[in-house]
Protein chains: 4
Amino acid sequence: MSEEIDGRVRRGLDAREARRAQILESSLQVFAERGFHATSVSDLVEAAGVARGTFYLYFDGKEALFLELLEDLTRHLRENIVGVDLTRGGMEDQLQATVERILATLVDNRALTRILFREAVGLNAAVDERLAAFDAELHGYVARALQVGQAVGIVRPLDAEVSAVLVVGGLREVVRRYVVGTDEMFDVSRVARAVLDHQLRGVLA
Amino acid sequence: MSEEIDGRVRRGLDAREARRAQILESSLQVFAERGFHATSVSDLVEAAGVARGTFYLYFDGKEALFLELLEDLTRHLRENIVGVDLTRGGMEDQLQATVERILATLVDNRALTRILFREAVGLNAAVDERLAAFDAELHGYVARALQVGQAVGIVRPLDAEVSAVLVVGGLREVVRRYVVGTDEMFDVSRVARAVLDHQLRGVLA
Amino acid sequence: MSEEIDGRVRRGLDAREARRAQILESSLQVFAERGFHATSVSDLVEAAGVARGTFYLYFDGKEALFLELLEDLTRHLRENIVGVDLTRGGMEDQLQATVERILATLVDNRALTRILFREAVGLNAAVDERLAAFDAELHGYVARALQVGQAVGIVRPLDAEVSAVLVVGGLREVVRRYVVGTDEMFDVSRVARAVLDHQLRGVLA
Amino acid sequence: MSEEIDGRVRRGLDAREARRAQILESSLQVFAERGFHATSVSDLVEAAGVARGTFYLYFDGKEALFLELLEDLTRHLRENIVGVDLTRGGMEDQLQATVERILATLVDNRALTRILFREAVGLNAAVDERLAAFDAELHGYVARALQVGQAVGIVRPLDAEVSAVLVVGGLREVVRRYVVGTDEMFDVSRVARAVLDHQLRGVLA
DNA sequence: CATGAATGAGTATTCATTCAT
DNA sequence: CATGAATGAATACTCATTCAT
């Protein structure tokens, strides 16, 4: 009998998780199409095919749901920004691989990325904070890498702070152009190589 | 008598223009503080010190007013991005001066810049279009400059498209960090120099 | 075998009754704390420790349950308002005992009394009707007692109708003050004596 | 011109006050009929014949409006409970006049009185506080009067606290019966006399 | 019998826009 | 031209009740 109850509970929990996932997924699509502000809870429940009350059974509101979607993406991203080991050879290949992974992740999560770039800022203190934290993390990561590079003599003398800003901004713009601003595919490998080539060697002849 | 009427009309038009300018200016401040979505028409008329009806006498609505503010800024910017004559010597100095002018303009219009970066996207088809156009313009300008540079042998062989994206993104990020994200001043000249140094020569030793 | 079934049924009914009683009791507490309107069915099922559906298996809804609680209290009260035999001596002692019994009953059911006084009116036609009926019953009881008293010469000539209203109202106010409005105990006997003294002899010297 | 503007402003303010009064009056009727909880903002705006938005232009919500109605009544009442001067003769006549005034005021404001008695308690902390304060004031007034009476020898030795409770409760019940519980008129003078006769002299022969 | 996920009608409240004065 | 009271469609959210498991 306890097994039967366990079974029931288990099935209940599974169903709950499935519902949550279903609402998250359909909401993601709606947000990506309409944008956060233009999306009403009615839009979300309609897309999810559930009643208004059901929506609130799973989420505290559209902002809370949105926050969860953002967390999903930043988690995805963090998992893909793994460190480059400068003591090992083939640094440029490692960097290339990292940039490719980041771009591929964002392409795979195009809807979320679109939301993130288009409307995530200024919605909500919690969202802003989360994004600012991610931003600082990213910037710090690049700046430290440059400083380490300078210490080991790979990187020439330069303003590591500003260069970190430029590297992050360049990547952000690539995403804006090739992931957010279009539905077309692009050659991730080629773009990643061009990015590295530019950032490492500049444009002067 | 026609002169008298002209005088009246003139005075009327001047007053009208002054009112418009006053409402635009006060609205700009409110938008910069509260953000577009958190700002209501009530906030705007209160800040302007005019009646609600008067507001609609001068603008078609809060979005239309916002659009005008954006146009102001993009016009300002356009005026400051003047071409670099690569055939003349001192190219790097010319670029340095251009970057400095852009940054200085944005610092001078911090409120507008903040609005532009924080919330302008996804508000409205018209706004999006205008921003996209400016973006394309900027990108094209840089890309063409790079191609010309390649033609005259100043710029090494590279993917001009991607490099243009990286240059624009780098500048955008600098603005995000040093203009939008803080109220503190920064050394425009030093940052401009670091930007050029990075973009021209890359980071490798 | 029929015995066995009887046993089963009996056990089933007992369990049912126990469940009902448990839900009634916990609901009473919640109503007394939060008040009728501020109490949701969720509060009730949570307090009872049963599922939402189970609640509706035992009661038609929160109003129906509330009505049952009210009936409990009015039944308790009716049982304690036993007639005074004016032909027998010691009338004042009998009245004193009656008032004490009423007050003691209400103190013993403080939660219910509180609900009754604070929020029972205007909830629902059924509740209102029940309360009005109890009210009329009480009023009639006192009025008749006064008339009988007049007939036997114990009560002086007066407006029995109005006096009945005043007697009931006085008692009601005592309950409001000493039972509903506070959690402190009070000297039931002393108050009952003061009540009778006042109502029987007035305040004039 | 300043006169003209003054005129405009004056007219505007008058109109505002008239609207407020109109909404208050129609809301009062609805509350008296349906009761507070059964009344929705929709009911109120429909009764007032204004748009939903207009309602919120004048009141913060239905609770705020309700609070204003209650304040109206308690102000009316306070103005009618003027002290009895025991040093002057004809004390009983003075009391009679006071009771008559109170009853007349409540009859004149039957709708408000009905609301006050039926549903004012337990709605809201602010309302409760206001009512409790009025209650305490009333009780204190009577208790002090009894004590003064005892001091000057008009009132016999008794428990002034409990007697005050009984007097207030008696009056409250009279109102409940003759004002709140029916739409019929009653002989205010006769009832007031019966009330005083009962409270002053009791029921015993 | 018991469960609790799902429902959807209902509620309060906001706010861009209009228009009579 | 200027005003600001009035509008009402739209929005987020609640909660008593049902019903498949």
Side-chain angles (χ1 to χ4, degrees), chain A residues 4-5 7-9 11-13 15-16 18-20 37-45 48-64, chain B residues 12 15-16 19 37-46 49-65, chain C residues 12 15-16 19 37-46 49-65, chain D residues 4-5 7-9 11-13 15-16 18-20 37-45 48-64:
Chain A
E4 188 188 327
I5 285 177
R8 266 202 226 161
V9 169
R11 250 172 289 134
L13 289 178
R16 263 194 80 84
R19 257 285 203 262
R20 265 188 79 84
H37 282 107
T39 299
S40 69
V41 174
S42 294
D43 294 330
L44 299 181
V45 301
V50 299
R52 308 178 73 72
T54 307
F55 178 85
Y56 286 95
L57 229 46
Y58 290 91
F59 303 96
D60 283 341
K62 85 171 175 171
E63 240 178 62
Chain B
R16 217 189 131 72
R19 224 1 175 232
H37 284 106
T39 298
S40 67
V41 174
S42 294
D43 294 329
L44 299 182
V45 300
E46 191 182 349
V50 299
R52 304 175 75 75
T54 307
F55 178 86
Y56 285 93
L57 242 39
Y58 289 91
F59 302 95
D60 282 343
K62 110 178 165 169
E63 254 178 45
L65 184 150
Chain C
R16 216 188 132 74
R19 241 320 197 247
H37 284 106
T39 298
S40 67
V41 174
S42 294
D43 294 328
L44 298 182
V45 300
E46 191 182 347
V50 299
R52 303 175 74 75
T54 307
F55 177 86
Y56 285 92
L57 242 37
Y58 289 90
F59 302 95
D60 282 342
K62 113 178 162 167
E63 254 178 43
L65 183 150
Chain D
E4 190 188 326
I5 285 177
R8 265 202 228 160
V9 169
R11 249 173 290 135
L13 290 179
R16 262 194 81 83
R19 257 285 204 264
R20 265 188 80 82
H37 283 106
T39 299
S40 69
V41 174
S42 294
D43 295 330
L44 298 182
V45 301
V50 299
R52 308 178 74 70
T54 307
F55 178 85
Y56 285 95
L57 229 47
Y58 290 91
F59 303 95
D60 284 341
K62 82 172 177 170
E63 239 178 62

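Residue numbers begin at 1 in each chain, while the letters A, B, ... track the order of the sequences.
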Point to revise | Validation row: Arg19(A), Leu57(A) side chains within 4.5 angstrom (heavy atoms) | key: no
Calculate the interatomic distance between [X] atom [atom1] and [N] atom [atom2]; express it in whole Å.
X: Leu44(C); N: dG4(E); atom1: CG; atom2: P; answer: 17 Å
X: Phe59(A); N: dA5(E); atom1: CZ; atom2: P; answer: 14 Å
X: Arg20(D); N: dA5(F); atom1: CZ; atom2: P; answer: 13 Å
X: Glu63(C); N: dC15(F); atom1: CD; atom2: P; answer: 16 Å
X: His37(C); N: dA16(F); atom1: NE2; atom2: C1'; answer: 13 Å
X: Leu65(C); N: dT17(F); atom1: CG; atom2: C1'; answer: 15 Å

Check your understanding: Distance from Arg16(C) atom CZ to Tyr58(C) atom OH, nearest 0.5 Å?
Key -> 5.5 Å
Which pair of heavy atoms, one from [X] and one from [Y], lies closest together, and at what distance?
X: Phe55(B); Y: Val45(B); value: CB-CG1, 3.6 Å
X: Phe59(D); Y: Arg20(D); value: CE2-NH2, 3.5 Å
X: Thr39(B); Y: Asp43(B); value: CA-OD2, 3.6 Å

Study note, to complete from the structure: Stem ranges of DNA chain F by first residue number, counting only runs of at least 3 Watson-Crick or G-U pairs under 3.5 Å, come to E:2-21 with F:2-21
Exercise for review: Kindly say whether Leu44(A) contributes a backbone atom to a donor-acceptor pair with the side chain of Lys62(A) at under 3.5 angstrom?
Suggested key: no
Practice item. Tell me what Val41(B) touches on the nucleic acid: a base, only sugar-phosphate, or nothing, going by heavy atoms under 4.0 Å. Key: base
Check nucleotides 6-8 of chain E against the protein and report each pair of N or O atoms closer than 3.5 Å, with its distance, or say if there are none.
| unit_1 | atom_1 | unit_2 | atom_2 | d |
| --- | --- | --- | --- | --- |
| dA6(E) | OP1 | Arg19(A) | NE | 3.0 |
| dA6(E) | OP2 | Tyr58(A) | OH | 2.2 |
| dT7(E) | OP2 | Ala51(A) | N | 3.0 |
| dT7(E) | OP2 | Thr54(A) | OG1 | 2.6 |
| dG8(E) | N7 | Gly53(A) | N | 3.3 |
| dG8(E) | O6 | Gly53(A) | N | 3.4 |

Review point. Does OP1 or OP2 of dT14(F) have a side-chain N or O of Tyr56(A) closer than 4.0 Å?
Key: no
**Study point:** Comparing Lys62(D) and Asp60(B) on DNA chain E - which has the more 5′ nearest nucleotide
**Key:** Lys62(D)
Revision key, fill the gap. By nearest-heavy-atom nucleotide on DNA chain F, the more 5' of Thr39(C) and Ser42(A) is Ser42(A)
